[in-house]
Amino acid sequence: MVSSTTMRMSDQREDQATPQALSNTAGFRSLRSHGVVARVETAPVKAAVEDFSFYYGDFKALKSISLPVHEKRVTALIGPSGCGKSTLLRAFNRMHDLYPGNRYEGAIRLHPDNTNLLSPGVDPIEVRMRIGMVFQKPNPFPKSIYENVAYGLRIRGEGNRSVLDDRVKEALQGAALWSEVEHRLHDPATALSGGQQQRLCIARCLATNPEVLLFDEPTSALDPIATASIEDLIHELRDKVTILIVTHNMQQAARVSDYTAYMYLGELMEFGETSQIFVNPTRKETEDYITGRFG
Amino acid sequence: MNSADIPVIRKIIQRNKRWDLIFAIAGFLALLLGVLTFLALFVQMAYTGWERLTPEFFTNFPSRRAAQAGILSAWVGSLLVMLVTALSAVPLGVAAGIYLEEYASKNLVTDIIEINVTNLAGVPSIVYGLLALGVFVYGFGFGQSILSAGLTLGLLILPVVIVATREAIRSIPLHIREAAYGLGATRWQVTRDHIVPYSLPGILTGVIIGMSRAIGETAPIITIGALTFIAFLPASPVGPEFPWLSFEWLKSGFTVMPIQMFNWTSRPEEAFQQNAAAAGFILVLMTLAMNATAIWIRYHVRKDIKW
């Protein structure tokens with residue numbers, strides 16, 4: 001009953017699509033040319049993956065991926081282990097540049113300035129300053145809670161104590177952690193629980209107001225209660241920042257995301273609104289994966 | 001499996017456990033050999049030199065009369081040489097280690113450097129002495145001075161410092177590094193704010209272990225020409241006039257603890273043997289104190305750094 005309602009809602013949204021919206025959304029055309037059904041939303045595109053391939057040495061890990069990432073929406077990347085979803089996510093802030101032998105092809109364009117994040121002329125440090133990342137395992141620095149959140153500001157040259165204090169507080173509030181840590185900001189971050197550590201890592205990203213926030217299986221090391229708190233947080237954050245999340249938990253993708261991309265063996269199999277992907281997938285492979293027949 | 005098999009299983013377990021016991025005994029004996037040898041030497045020295053361990057022993061210069069001879073010039077010399085050693089080896093070794101781990105790309109050249117550094121740690125110390133004699137004493141004209149000796153021992157422990165630095169850096173998990181880079185930090189910011197502070201306990205431990213090796217070194221110091229009979233102290237490093245710091249002491253002649261000890265053991269009189277034992281006892285105590293510091297650092301500084 002619930003699912004059929006969702007389906008009807010998504011159908012209505014599709015009907016509202018306008019030709020202008022279509023042409024505004026770079027990356028959609030190439031999507032359609034790959035035979036994936038494109039759904040049009042009113043949210044503008046924040047980032048567009050265009051014909052993107054990635055190589056670990058000679059191994060082609062990602063094959064001509066094209067995908068829009070909508071502004072202030074949550075886009076989930078799902079697929080079985082080894083499908084390349086984390087590889088794609090890590091390309092968004094050039095993490096692959098830290099290790100030798102990795103090679104990009106194609107483009108990831110960040111709007112509105114249309115900067116190709118992968119271009120050799122674009123400094124990976126600039127990319128990472130615009131796009132934050134939350135990792136699989138909570139990875140706070142072995143410093144105080146305060147210094148963890150302030151670090152991104154410090155490397156941007158912010159030394160004013162009262163500015164730092166304000167921004168740290170704001171970020172911790174944004175990550176729903178403030179009330180738990182406000183009286184022990186100078187305690188070591190590693191003394192926090194796993195879920196708190198992960199929210200601290202989110203606060204650390206939020207402190208510098210990133211345009212896009214990447215989540216790489218953010219709850220896979222957490223217990224169900226901590227997982228729920230992170231998911232709630234993602235729900236709240238979607239009004240403020242564009243979110244891209246990799247998850248191997250399909251229920252999580254269904255719960256937190258507006259759009260879902262299903263990947264398999266380095267290829268994008270299907271992309272669409274989450275309600276459509278989960279209720280009415282276009283491709284048989286997607287359906288098999290989602291219903292648990294495979295993967 | 002039925003219950004009739006239980007005696008069989010018990011027999012197997014018993015047989016397997018016999019090797020546990022055999023190894024436990026063998027390992028304990030091996031351990032005992034090391035500990036007892038050290039204890040025997042230490043107690044022997046303490047016993048022989050005990051009556052010479054008076055306050056005057058530390059404040060007297062060496063003398064022809066055994067009863068008046070002391071180790072003042074030796075322990076001051078050891079201290080100053082160690083200071084030069086630390087000041088030269090630590091910055092060089094830490095910088096080299098950080099460069100190799102964080103900055104250098106992994107290729108044939110860095111592989112060769114790596115093998116070289118490892119091999120340097122195994123070069124006999126007398127060879128460092130010969131090198132230093134040619135380079136520091138004559139080449140740079142530093143003479144038979146504290147500076148030459150400190151730099152020589154600095155070279156000697158450099159590979160130890162480099163290896164300790166690299167090990168400490170390697171123990172920092174990848175995900176901590178990625179967190180810092182992910183926020184947009186440059187390599188230098190990551191090094192300054194994360195790599196160095198988190199690897200500091202490991203680096204310090206390595207440095208102190210290197211230093212406790214250096215403090216007992218005799219061969220390279222003799223090679224560069226340390227004197228065995230010194231009845232004066234080097235110039236004071238702090239002076240009454242501007243700029244209040246003096247570096248005259250670097251050029252001073254010197255002796256160190258192991259050389260003083262060696263000098264006394266080569267005398268025929270029994271009384272000097274007592275002096276040697278007393279000096280040896282103090283030297284071992286100095287080394288033990290350094291190792292204790294290393295252990296203290298490991299436990300107390302490292303406990304704040306968890307991942």
Side-chain angles (χ1 to χ4, degrees), chain A residues 86 89-90 92-101 123-144 147-157 171 187-192 197-198 200-208 210 213-216 221, chain B residues 98-114 165-205 296-307:
Chain A
S86 279
L89 190 83
R90 288 166 66 88
F92 272 81
N93 70 346
R94 298 272 294 265
M95 269 296 149
H96 299 298
D97 287 42
L98 295 177
Y99 308 99
D123 194 329
I125 291 168
E126 179 190 317
V127 173
R128 292 175 199 143
M129 285 206 169
R130 298 180 64 180
I131 298 182
M133 181 153 182
V134 177
F135 296 81
Q136 191 166 353
K137 189 173 177 277
N139 55 358
F141 302 128
K143 298 179 187 281
S144 69
E147 281 307 322
N148 264 278
V149 183
Y151 188 66
L153 301 163
R154 288 207 192 278
I155 58 177
R156 284 158 178 78
D187 286 2
T190 42
L192 298 172
Q197 287 188 12
Q198 195 62 302
L200 180 70
C201 293
I202 294 170
R204 185 170 63 186
C205 288
L206 290 177
T208 56
L213 202 45
L214 310 171
F215 286 86
D216 189 359
Chain B
I98 289 173
Y99 177 79
L100 280 174
E101 277 305 304
E102 291 296 310
Y103 281 81
S105 50
K106 304 279 172 271
N107 55 34
L108 187 68
V109 179
T110 45
D111 281 349
I112 291 172
I113 291 174
E114 201 172 331
T165 303
R166 299 188 63 186
E167 295 288 324
I169 290 176
R170 262 184 241 167
S171 71
I172 299 172
L174 214 55
H175 62 251
I176 294 287
R177 229 173 277 243
E178 288 192 347
Y181 281 117
L183 288 167
T186 60
R187 233 194 284 218
W188 169 241
Q189 284 169 330
V190 174
T191 302
R192 184 196 59 195
D193 301 334
H194 303 283
I195 303 297
V196 172
Y198 306 157
S199 56
L200 207 55
I203 294 174
L204 286 178
T205 308
W296 186 86
I297 289 172
R298 221 191 309 237
Y299 279 92
H300 290 267
V301 184
R302 236 177 230 181
K303 75 165 190 263
D304 297 334
I305 297 169
K306 291 186 290 191
W307 329 106

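Below, chains carry the letters A, B, ... as their sequence lines are ordered, and counting in each starts from 1. Note that the structure is predicted; figures quoted are calculated from it, not measured. Below, each value reflects all heavy atoms present in this structure, side chains not excepted, and no hydrogens, waters or symmetry copies.
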Rounded to the nearest 0.5 Å, the CG atom of Leu183(B) sits from the CZ atom of Arg156(A) at a distance of 7.0 Å
Aromatic ring pairing His194(B)/Tyr151(A), orientation class (parallel under 30°, perpendicular over 60°, tilted between):
perpendicular
For chain A, find which of Ser105(B), Ala180(B), Pro197(B) contributes the most heavy-atom pairs closer than 4.5 angstrom.
Ala180(B)
For the student: nearest non-hydrogen atoms of Arg204(A) and Ala179(B), plus distance
NH2-CB, 3.4 Å
Could you look at Pro140(A) and say if it's the side chain, the backbone, both or neither that has a heavy atom under 4.5 Å from chain B?
backbone
Below 4.5 Å from any heavy atom of chain B, which atoms of Arg130(A) appear? Answer side chain, backbone, both or neither.
neither
Largest heavy-atom contact set with chain A, pairs under 4.5 Å, which of Gln189(B), Arg187(B), Glu178(B)
Glu178(B)
Side chain, backbone, both or neither of Phe141(A) within contact of chain B (heavy atoms, under 4.5 Å)
both
Report the C-alpha distance between Ile155(A) and Asp193(B) in whole Å, list the side-chain angles of each, state the deciding distance to 0.1 Å, and finish with yes or no for side-chain contact (heavy atoms from CB on, under 4.5 Å).
CA-CA 10 Å; Ile155(A) 58 177; Asp193(B) 301 334; 4.2 Å; yes
Looking only at heavy atoms, which two atoms of Ile176(B) and Asn139(A) are closest? And how far apart?
CD1-O, 4.2 Å
Is Ile131(A) close to chain B through its backbone or its side chain, or both, or neither, when contacts mean heavy atoms under 4.5 Å?
backbone
In terms of heavy-atom proximity below 4.5 Å to chain A, should Tyr198(B) be classed as side chain, backbone, both, or neither?
side chain
Which portion of Tyr99(A) sits near chain B, non-hydrogen atoms under 4.5 angstrom:
side chain
